[in-house]
Structures are given as structure tokens and as C-alpha cells.
Number of protein chains: 2
Amino acid sequence: MDFGRATGLIRDGLSKRHLVTVFGECSVDYVGRATSTLPFGKRLAMLKGDGSVSIHQNRLVRPTNYMVNTRLSIEEAGECAVLVAKKLSPREQLTITFRKILDVKSYPMEITDDLRLSGSERDLNDLLMEDLSMIEPGLKPVNQQEHFSKGIADIIAEDSAGNFVVIELKRRQADYASVTQLQRYMQQVEKLKGKKTRGILLAPGIRSNARKLLYELGLEFAKLDFELKPSSAQKAEIKGLERKQTTLLEHFGAAGK
Amino acid sequence: MDFGRATGLIRDGLSKRHLVTVFGECSVDYVGRATSTLPFGKRLAMLKGDGSVSIHQNRLVRPTNYMVNTRLSIEEAGECAVLVAKKLSPREQLTITFRKILDVKSYPMEITDDLRLSGSERDLNDLLMEDLSMIEPGLKPVNQQEHFSKGIADIIAEDSAGNFVVIELKRRQADYASVTQLQRYMQQVEKLKGKKTRGILLAPGIRSNARKLLYELGLEFAKLDFELKPSSAQKAEIKGLERKQTTLLEHFGAAGK
DNA sequence: GCTGGGAGAGGCTTA
DNA sequence: TAAGCCTTTCCCAGC
């Protein structure tokens with residue numbers, strides 16, 4: 001495909017805010033948060049109506065190069081056609097140099113987003129708030145997504161003994177970061193309210209090292225067992241909650257140490 | 001485009017491990033780590049030679065739906081053509097139901113990975129190891145990327161007073177996770193070696209709350225000023241290092257508190 | 001397989 | 001804009 005025709009098609013597609021794909025032999029240079037060079041090779045460039053650009057190789061979901069929120073331009077330069085994507089703050093530039101353009105497609109599409117996702121942490125959070133007694137009898141909600149200077153606590157509750165309970169919810173296996181996150185909130189709540197405060201990490205699982213750290217810090221873990229309903233039903237469902245090894249003593253006792 | 005022709009093209013492209021794009025009106029259902037549905041609409045599906053699938057709308061870099069490492073099949077079913085991507089462990093399924101296929105493209109491409117980046121953390125790490133005195137006079141390397149049960153410490157050094165120094169390097173703004181990560185390593189080294197150990201977080205910047213936490217924990221921060229060379233030069237260059245507020249006292253002193 | 005952690009993370013929400 | 005954080009994070013390296 002000759003460059004004149006190709007660049008014409010691309011410009012037309014961009015002006016209509018279509019999704020434009022360009023297949024060809026190109027090299028790619030990125031300068032911005034890092035710098036990278038890609039030698040000439042066959043790739044598929046995807047230019048979206050909102051200014052997103054991505055360069056795809058025939059492997060992996062993630063593009064080799066990409067940029068959001070760009071201003072796009074294409075020019076013929078000697079033996080090549082050069083597509084430039086620019087952005088300010090932070091200053092970034094992606095330069096795609098085509099020595100051959102093999103195909104250009106311009107797909108008319110709305111610039112919309114209508115995905116309905118179920119089973120996100122937000123869903124689970126809402127479900128839990130409806131009945132905190134799933135976690136522990138007598139647990140009463142105090143607040144949700146409460147902002148502290150050191151972050152945002154998922155759920156704050158009060159247990160039957162009148163202690164505050166900070167609950168950190170994870171939809172997947174909890175790790176070190178989850179534990180330290182909970183600790184930050186727990187300590188801050190304790191300091192702010194001046195009352196004994198517990199911290200419960202609620203997740204489908206926890207990595208063993210993270211669990212050790214958790215217990216060393218005097219925090220608790222509760223296993224969250226939830227089921228993802230098929231897409232027709234809009235919400236996930238919490239099947240049950242299981243409390244395990246609520247204290248450090250029990251933990252190391254059970255481990256036989 | 002009639003379904004017979006479309007499915008034929010798709011099957012042919014898949015068998016050749018091309019990068020195949022399918023543009024059409026489709027609905028998408030995902031069941032796996034979450035569940036999601038996408039009502040009928042125009043979208044571009046991208047099927048890669050390694051079994052990666054992604055569904056793109058006309059906005060954002062990230063696809064609305066995706067799956068890696070899938071087995072793909074396409075069948076005509078009544079008024080629709082249904083593309084199914086399956087994967088075991090964890091069990092996931094992506095179902096793309098086309099009621100119209102408007103375009104199919106099959107791009108012959110190698111299944112390779114040829115991106116070369118500069119300015120990665122590893123590069124900076126190597127540069128720093130060449131001359132730790134940039135961080136502090138008299139600092140001598142002990143180890144690099146040392147594995148501990150609690151993670152991997154970027155750099156371990158010894159200062160002129162004979163203390164161990166654990167250095168955590170971040171190529172971008174440091175946050176809470178960076179601070180707690182460093183603390184984990186520092187504590188573990190201290191325990192393992194039984195010697196007073198310092199911890200230095202080395203990054204181009206740090207969020208103010210994270211900095212507060214850092215000083216509360218008795219850790220140090222050093223500003224790393226580095227420059228990313230244009231792609232022709234292969235390596236980044238460290239322009240300089242600036243030590244600021246090395247102690248909690250200085251920090252709060254400077255803050256006027 | 002699990003674990004730990006980087007990434008040009010992307011992308012969203014709220015202050 | 002910055003901070004904080006979730007993500008079907010993706011992806012890789014080590015073990």
C-alpha cells in the first residue's frame with residue numbers, strides 16, 4: 001500500500017475518531033517515563049478515538065508500547081511514514097516509523113464503556129456491609145471507606161466488647177502489602193479514637209509469610225469464601241466466612257512450634 | 001460479511017498463528033476471576049498467536065476483556081457466530097457472541113518479543129553498584145539483589161562506621177509500599193546479621209505521607225536524580241544524588257514543628 | 001506450582 | 001493536580 005493512500009486513510013480515520021489499525025513494518029521509539037527502541041519489524045498499531053495508542057506484537061495481552069491521551073499526527077518523510085503521538089505533563093513521545101504499510105483499517109465505533117463487572121472488591125464490600133455478623137457475631141458497622149491521613153479503611157466496625165475493628169478486604173490472596181496496609185489503618189484508628197482497636201484482614205487466602213507477619217503484628221485473618229454468580233445475575237454472593245487462628249498463640253501452637 | 005466466510009478466515013488465521021482481528025457487533029461474557037458481561041455493541045477482537053485474546057472498545061489502552069493462554073474455537077450457532085476462549089487452572093472462559101461480523105483480518109507475524117528498554121530499575125541498580133559513594137562517602141557494596149525470606153533487598157552495603165545499610169531503589173515516586181518494603185528488609189538484615197542496620201530509600205521522589213512514615217520508622221530517604229538517555233545510548237545516567245532530612249529530628253525541625 | 005515484586009504499570013475516585 | 005488504591009492487574013524471575 002503506497003504511503004499517500006495509507007496516510008490519507010489514517011488521517012481520515014483519526015479525524016472521525018474511529019478506531020484505526022495500521023499493520024506494517026515499523027520501528028518504535030518511546031521517550032518519556034523511560035526510553036525504549038524497537039527495531040524494525042511487523043507490528044499492528046491501534047489508534048483509538050480518545051487518543052490512546054498501542055503497538056502490538058503477536059504475543060501477550062499487553063502492548064509493547066503504548067500511550068494514553070495523545071495528540072496524533074502522521075507525515076511522510078522520505079522512504080518512511082512517521083506516526084507521532086505526543087503528550088505533555090508528563091512529557092512523552094511515541095514515534096512509529098513505518099518503512100512499509102501493509103494495511104490500514106478504520107473502524108467506526110462509539111467511544112463508550114459499558115462493561116458490567118461483578119465480583120469486584122466494591123461489590124464484596126457492599127455485600128459485607130449488609131451483614132457484618134458474617135465476620136463475627138455482634139459486629140456493627142460504623143463506617144465504610146473512611147479516609148484517614150494514612151489512607152482509606154475499607155470497613156470500620158465495633159465489636160460486641162465495644163472495641164473498634166478495622167477490616168481490610170481483598171478479593172484475592174493477601175500479601176505483605178495487604179498486611180501493612182491494614183496495620184497502618186489500625187494504628188491510626190487506635191490513635192485517633194483512643195480506644196483499643198483490632199484489625200481483621202478478610203481475603204480468600206493469604207500467603208504464608210504474610211500471615212506470619214500479620215500475627216506478629218497482632219492482626220487477625222478471616223477467610224472469605226465467595227462465589228461469582230453467572231453474568232445474568234448482577235452480583236456476586238458471599239458463601240461464607242471462616243475464622244482461623246485468630247491469635248498468634250494459636251497460630252504457632254497449631255504449627256507445632 | 002457472511003458467517004461462513006468469516007469463520008473460515010478466522011480458523012485459517014488461528015491455525016497459522018497469525019494475529020487475527022475481528023470487527024463486529026458482539027456481546028461478551030467472561031467467567032473466571034470475576035464475571036462480566038458486555039451488551040451487544042461494535043468492538044474489535046484481537047486474537048494473538050500465543051493464545052492471547054483481547055476485546056477492544058474505542059477508548060483506553062487496556063482492553064475491556066482479555067485472557068491469556070487460551071484455547072480458541074469458533075462456531076456458528078443460529079443467528080450468531082460464537083468465539084470461545086477457554087483456559088484451565090484457574091478455570092476461565094471468555095465467550096464472544098457476534099451477531100454481525102463486519103471485518104476479519106489475518107496478519108502474518110512472528111511470535112517474538114523484542115522490546116529493549118533502558119532506564120529500568122535494574123539498570124539504575126547496576127549503575128549505583130559501580131559507585132555507592134554517590135549515596136554516601138565510604139559506602140561499600142556487600143551484596144546486590146540478596147534474597148531473604150521476606151523478599152529481595154535491592155542493595156546491601158556497609159557504611160564507614162561498619163553498619164549495614166539496606167538500600168531500596170525505586171525508579172519512580174516512592175509510596176507507602178516502598179517504605180514498608182524497606183522496613184521489612186532492614187529489620188530482617190538487622191536480625192540476621194545481628195548488627196545495627198540502616199535503611200535508605202532511594203527514589204526520584206516520595207509522597208509526603210509516606211515520607212512521614214519513613215522517618216517515624218527511623219529510615220532515611222535520598223533523592224535520586226537520573227536522566228534517561230535517548231534511545232541511541234543504551235544506558236541511563238545518574239545525574240546526582242541529594243540527601244535530604246536524614247533524620248527524624250532534622251525533618252521535624254525543618255518543618256517548623 | 002507459589003512467592004515476591006516491578007511496570008513507561010493503567011485507571012478510577014476523592015480531596 | 002496529587003494521593004491512595006484496586007485491578008480478571010500483566011508479566012517475569014526464583015525457587
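Per chain, numbering begins at 1; letters A, B, ... match sequence-line order. Reckoned from all heavy atoms, side chains included, excluding hydrogens, waters and symmetry mates.
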Asker: Give the residues of residues 83-98 of chain A touching DNA chain C, defined as any heavy atom closer than 4.0 Å, sorted by residue number.
Answerer: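 By residue number: Glu92(A).
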
Asker: Round to a whole Å and report the spacing from CZ of Phe148(B) to P of dT3(C).
Answerer: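 Distance, rounded to whole Å: 20 Å.
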
Asker: Going by heavy atoms closer than 4.0 Å, what residues in residues 170-180 of chain A are next to DNA chain D?
Answerer: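 Those residues whose heavy atoms fall under 4.0 Å from DNA chain D, taken from residues 170-180 of chain A in numerical order, are Lys170(A), Arg171(A), Arg172(A).
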
Asker: How long is the line joining NZ of Lys48(A) and P of dG10(C), in whole Å?
Answerer: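 Taking atom P of dG10(C) as the reference, NZ of Lys48(A) is at 14 Å.
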
Asker: Report yes if a side-chain nitrogen or oxygen of Gln181(B) is closer than 4.0 Å to either non-bridging phosphate oxygen (OP1 or OP2) of dG4(C); otherwise report no.
Answerer: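 So the side-chain polar atoms of Gln181(B) never come under 4.0 Å of the phosphate oxygens OP1 or OP2 of dG4(C).
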
Asker: Report which part of the nucleic acid Ser149(A) touches: base, sugar-phosphate, or nothing (heavy-atom distance under 4.0 Å, all strands).
Answerer: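 Sugar-phosphate, backbone atoms only, no base.
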
Asker: Using the test salt bridge (Lys or Arg N to Asp or Glu O under 4.0 Å), find all partners of Arg43(B) that sit at least two apart in sequence or belong to another chain.
Answerer: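 Only Asp114(A) meet the salt bridge (Lys or Arg N to Asp or Glu O under 4.0 Å) criterion with Arg43(B).
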
Asker: Between atom CG in Leu182(B) and atom P in dG4(C), what is the gap in whole Å?
Answerer: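 Between P of dG4(C) and CG of Leu182(B): 17 Å.
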
Asker: Can you list everything that forms a salt bridge (Lys or Arg N to Asp or Glu O under 4.0 Å) with Arg33(B)? Sequence neighbours excluded, please.
Answerer: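 Counting only residues at least two positions away or on another chain, Arg33(B) forms a salt bridge (Lys or Arg N to Asp or Glu O under 4.0 Å) with Glu92(B).
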
Asker: Where the side chain of Asn209(B) is concerned, which of dT8(D), dG4(D), dG4(C) is the nearest nucleotide?
Answerer: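 That would be dG4(D).
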
Asker: Please check if atom CD in Glu110(B) has more than 12 non-hydrogen atoms from other residues, nucleotides or ligands closer than 6.0 Å.
Answerer: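 Counting neighbours around CD of Glu110(B), 12 or fewer heavy atoms of other residues, nucleotides or ligands fall under 6.0 Å, so no.
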
Asker: Identify all side-chain donor-acceptor contacts of residues 175-182 of chain B below 3.5 Å with residues at least two apart in sequence or on another chain.
Answerer:
| residue | atom | partner | partner atom | Å |
| --- | --- | --- | --- | --- |
| Asp175(B) | OD1 | Ala177(B) | N | 3.2 |
| Asp175(B) | OD1 | Ser178(B) | N | 3.1 |
| Asp175(B) | OD1 | Ser178(B) | OG | 2.9 |
| Ser178(B) | OG | Asp175(B) | N | 3.1 |
| Thr180(B) | OG1 | Tyr176(B) | O | 3.3 |
| Thr180(B) | OG1 | Ala177(B) | O | 3.1 |
| Gln181(B) | OE1 | Lys170(B) | NZ | 3.1 |
| Gln181(B) | NE2 | Tyr185(B) | OH | 3.1 |

Asker: Please tell me which of Met67(A) and Gly151(B) maps to the more 5' nucleotide of DNA chain C, matching each residue to the nucleotide holding its nearest heavy atom.
Answerer: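 In this pair, the answer is Gly151(B).
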
Asker: Rounded off to whole Å, could you give me the CZ-to-P distance for the Arg207(A) and dC15(D) pair?
Answerer: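 Checked: the CZ to P distance equals 16 Å.
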
Asker: Charged N to carboxylate O below 4.0 Å: is that the case for Lys150(A) and Glu216(B)?
Answerer: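 So Lys150(A) pairs with Glu216(B) through a salt bridge.
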
Asker: Determine which pairs satisfy ring pair (Phe, Tyr, Trp, His ring centres under 6.0 Å) with at least one residue from residues 31-52 of chain B, sequence neighbours left out, and list them in order.
Answerer: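 As it turns out, there is no ring pair (Phe, Tyr, Trp, His ring centres under 6.0 Å) pair with a partner in residues 31-52 of chain B once direct neighbours are skipped.
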
Asker: Under the salt bridge (Lys or Arg N to Asp or Glu O under 4.0 Å) rule, collect the residues that match up with Asp50(B), sequence neighbours excluded.
Answerer: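 Partners of Asp50(B) by the salt bridge (Lys or Arg N to Asp or Glu O under 4.0 Å) criterion come out as none, since no residue qualifies.
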
Asker: Mind checking what makes salt bridge (Lys or Arg N to Asp or Glu O under 4.0 Å) contact with Arg207(B), not counting sequence neighbours?
Answerer: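 Per chain and number, Arg207(B) pairs via salt bridge (Lys or Arg N to Asp or Glu O under 4.0 Å) with no residue.
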
Asker: Within the structure, does a side-chain N or O atom of Arg33(A) lie under 4.0 Å from either OP1 or OP2 of dA9(C)?
Answerer: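 Answer is yes, contact under 4.0 Å.
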
Asker: Quick one: Asn69(B) CG to dC12(D) P, roughly how many Å, whole number?
Answerer: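 Distance check: Asn69(B) CG to dC12(D) P gives 11 Å.
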
Asker: Considering residues at least two apart in sequence or located in another chain, which fulfil the ring pair (Phe, Tyr, Trp, His ring centres under 6.0 Å) criterion with Tyr66(B)?
Answerer: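 Once residues adjacent in sequence are excluded, Tyr66(B) has no partner under the ring pair (Phe, Tyr, Trp, His ring centres under 6.0 Å) criterion.
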
Asker: Using a cut-off of under 3.5 Å, enumerate the N/O to N/O pairs linking the protein to nucleotides 11-14 of chain C.
Answerer:
| residue | atom | partner | partner atom | Å |
| --- | --- | --- | --- | --- |
| dG11(C) | OP1 | Val61(B) | N | 2.9 |
| dG11(C) | OP1 | Arg62(B) | N | 2.8 |

Asker: Could you pull out all residues at least two apart from Asn69(B) that satisfy side-chain hydrogen bond (donor to acceptor under 3.5 Å, both in side chains)?
Answerer: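 If we apply the side-chain hydrogen bond (donor to acceptor under 3.5 Å, both in side chains) test to Asn69(B), skipping adjacent residues, there are no hits.
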
Asker: Where each residue is assigned the nucleotide of DNA chain D containing its nearest heavy atom, which of Tyr66(B) and Ile206(B) is assigned the position nearer the 5′ end?
Answerer: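 Between the two, 5'-proximity favours Ile206(B).
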
Asker: How far, in whole Å, is dT8(D) from dG4(D) if one measures between their P atoms?
Answerer: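 Their P atoms lie roughly 23 Å apart.
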
Asker: Between P on dG4(D) and CG on Leu213(B), what's the gap in Å once rounded to a whole number?
Answerer: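 To the nearest whole Å, that distance equals 11 Å.
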
Asker: Please enumerate all residues that pass side-chain contact (heavy atoms from CB on, under 4.5 Å) together with Gln93(B), with sequence neighbours excluded.
Answerer: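 By the side-chain contact (heavy atoms from CB on, under 4.5 Å) rule, Gln93(B) matches Val84(B), Lys86(B), Thr95(B).
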
Asker: Just by modelled atom types, is the Ile55(B) backbone N or O under 3.5 Å from a matching donor or acceptor in the Asn65(B) side chain?
Answerer: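 Here the side-chain-to-backbone pair does not exist.
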
Asker: Rounded to whole angstrom units, what separation is found between the OH atom of Tyr30(B) and the C1' atom of dT9(D)?
Answerer: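 The answer, rounded to whole Å, is 11 Å.
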
Asker: Can you measure Arg184(B) atom CZ to dG4(C) atom C1' for me and round it to whole angstrom units?
Answerer: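 The answer, rounded to whole Å, is 9 Å.
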
